[in-house]
Amino acid sequence: MTHTVLVTGVSRHIGARVASVLAADPDISRVIGVDTVPPPSLTRGGGVTLGRTEFVRVDLRSPDIAQVIAAADIDTVVHMSLVSAPSRSTGRAAMKEHNVIGTMQLLGACQRSATVRRVVVRSTTAVYGSSPRDPAVFTEDLEPPDGPSHGYAKDAVEVEGYVRGFARRRPDVTVSLLRFANFMGSGVDSPLTRYFTQPVLPTVFGFDPRLQFVHEDDAVEVLRRMATEDHPGTYNVAGAGVLLLSQCVRRAGRLSLPLPSPAFRLLGTAVRRAGLVDYSPEQLRLMSHGRAVDIGDLEAELGWKPKFSTGAAFDDFLRSRGLRPLGGGRT
Amino acid sequence: MSGDPAAELLAFLRRRLTGDYEVDEFGYDAELTDKVLLELLRPVYHHWFRVETAELKHIPDEGGALVVANHAGTLPVDALMMQVALHDEAGRALRLLGADLVYQLPLLGHLSRKTGHTLACREDADRLLRKGELVGVFPEGFKGVGKPFSERYKLQRFGRGGFVASAIRAGVPIVPTAIVGSEEIYPKIGDLPSLARLLGLPYLPITPFFPLLGPLGLVPLPSKWMIEFGEPIRTDEYEPGAADDPMLVFNLTDHVREVIQQLLDQLRLRRGHAFPPLL
């Protein structure tokens, strides 16, 4: 059986890696990668090479995506194009439009398509929010007591709503919704990885949140399996275990600067204005209350466990950046 | 590292400094709890309150169980003493289910997680019991810990019985537990309700020494303590679905409450005067 796969968001690291893995799969006849900007491997060189992926520059917010899907007889759609932080030039409004309107356009096109059989959508564990009233470990079926009300997390909640709507209207299509923990690894560049490479790390005084990471290799493997096999449903994707923020800081050999939460918020706004790091209200909440998710459903469905635990994923990231604990390496 | 305390201390400090230790998914840091936090409590346990335990054999050596105890003393010192007792004398880490107020406060909430405790909610209780942990609850909550001295050793109402439902779902035994001595550490003879509301606290106590003596009034009185673990009440003969039968849950909750009240009355008689050397 021939497969034609559409991957959105191929100009970002994980999207590019997924496209290149799928392009290397002999069972897949064509991989079409779309994004709003060309991938770095095509323009500047460097970055992940896309293999035989055919790149098409499409703005997801426009109906052009429907033509791409119709023209190529796409049967599998891997939607990776969620922007987690507003870019300095275009801001939050454009980010929300890209995330929410872009997903609506894409799903609208899929609903019309007679060929699409499988849709895989990247979401985030941020949809659970982060609050002191949360259970310690989220399973997929839990409704958070305080859901997210801002930014990326809210976009993801809305995206998930549209995905569920699509799954209801097209029960013949296999829909997999993946809630990823924060990506960690040598190639990952996110507000969180940039945070850990600063010399001094501001933390919220009196709080030591539990954090969870997923290694990029595991994320790519999960996406590959979801794109090539039928695994309908919603799954958390994270490395086993948790790290406390204080533990991360020590492993990175950094100094922490505990600030009372109003000062942390002010500093966050200041560095965002200066364009150094992106902070948002839900990041403040994550830095205060933390979050952990259960990955039992994913492991049972795939019959596979992520190779990297949260701790191992973080250590691999530290190695790639040359970060070591104070006083030498760990035994 | 065989028994050399200096080398052990160095290795411990090195692990802590480099972040090379494990915490579980609830944030429980077993090493920090045992080596630092419980170490600070042990002198209080042995020399200040002279805690005696009875019937430790009712605590299972392994596997899930739910310890249900009375709650008193204005500040939840009884939780800490019960944790020392179970850790040191029964070899079990106690995982308490705490009020959400605790988890909203800086320092306290995260100290509580590091020492193994979590928010009192159905998901966390079920998860801990399924993992075979020893879970502790104080169903009286603030009603118990903040009650006036005149009502000492009278069990307050037991919430909605959520803990019983969790035990039934997990099929684990309920161990009714009585703690005597906690009632006398800060005898609450008055309350400042408007100031408490202003500060967002459930109550603000007046004791014979607080706020009169300022911070010195925060030193707990050295009452004699006893902790007795009652015979486990089995829940594994119920279907897990029985957790959704409110009548059954209420009845079992009442039963547990009565057993604890009886244990408490007997143990209080056995202990005698709260401050023996003063007699």
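Proteins get letters first, then strands, A, B, ... in listed order; numbering begins at 1 in each.
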For a quick check under 3.5 Å, do S123(A) and E160(A) share a side-chain donor-acceptor pair by atom type?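 Yes, E160(A) and S123(A) have a side-chain donor paired with an acceptor closer than 3.5 Å.
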Judged by modelled atom types alone, do H289(A) and D134(A) share a side-chain donor-acceptor pair under 3.5 Å?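 Judged by distance alone, the side chains do not pair up.
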Interface residue of largest heavy-atom contact number with chain A, from R127(B), K114(B), R113(B), H110(B), under 4.5 Å: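 Result: the option with the highest number of such pairs is H110(B).
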Chain A: which of P106(B), A120(B), A125(B) shares the most heavy-atom pairs with it under 4.5 Å?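 Result: the option with the highest number of such pairs is P106(B).
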If you count heavy-atom pairs within less than 4.5 Å of chain B, which of G290(A), A136(A), S131(A), C248(A) leads?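 The answer is A136(A).
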Best-contacting candidate, V204(A), V249(A), L244(A), against chain B by heavy atom pairs under 4.5 angstrom: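 Among the listed options, the one with the most contacts to chain B is L244(A).
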Is the distance between the ring centroids of F314(A) and F196(A) less than 6.0 Å?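 So the answer is yes for these two rings.
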Non-hydrogen atoms of V200(A) and P202(A) that approach each other most closely: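 Shortest heavy-atom contact: O-CD, 3.4 Å.
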Salt-bridged, K131(B) to E25(B), with N to O below 4.0 Å?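 So K131(B) pairs with E25(B) through a salt bridge.
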Within 45° of the axis and under 6.0 Å from the centre of the six-membered ring of Y21(B), does NZ or CZ of R16(B) qualify?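 The answer is yes; both the distance and angle limits are met.
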Contacting region of D29(B) [heavy-atom separation from chain A under 4.5 Å]: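 When you check distances to chain A, no heavy atom of D29(B) falls under 4.5 Å.
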L128(B), part contacting chain A, at a heavy-atom distance under 4.5 Å: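 Nothing of L128(B), per the 4.5 Å heavy-atom cut-off to chain A.
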In terms of heavy-atom proximity below 4.5 Å to chain B, should R210(A) be classed as side chain, backbone, both, or neither?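 Only the side chain of R210(A) comes within 4.5 Å of chain B.
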Under 4.5 Å heavy-atom distance to chain B, tell me which part of S288(A) shows up: side chain, backbone, both or neither.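 Only the backbone of S288(A) comes within 4.5 Å of chain B.
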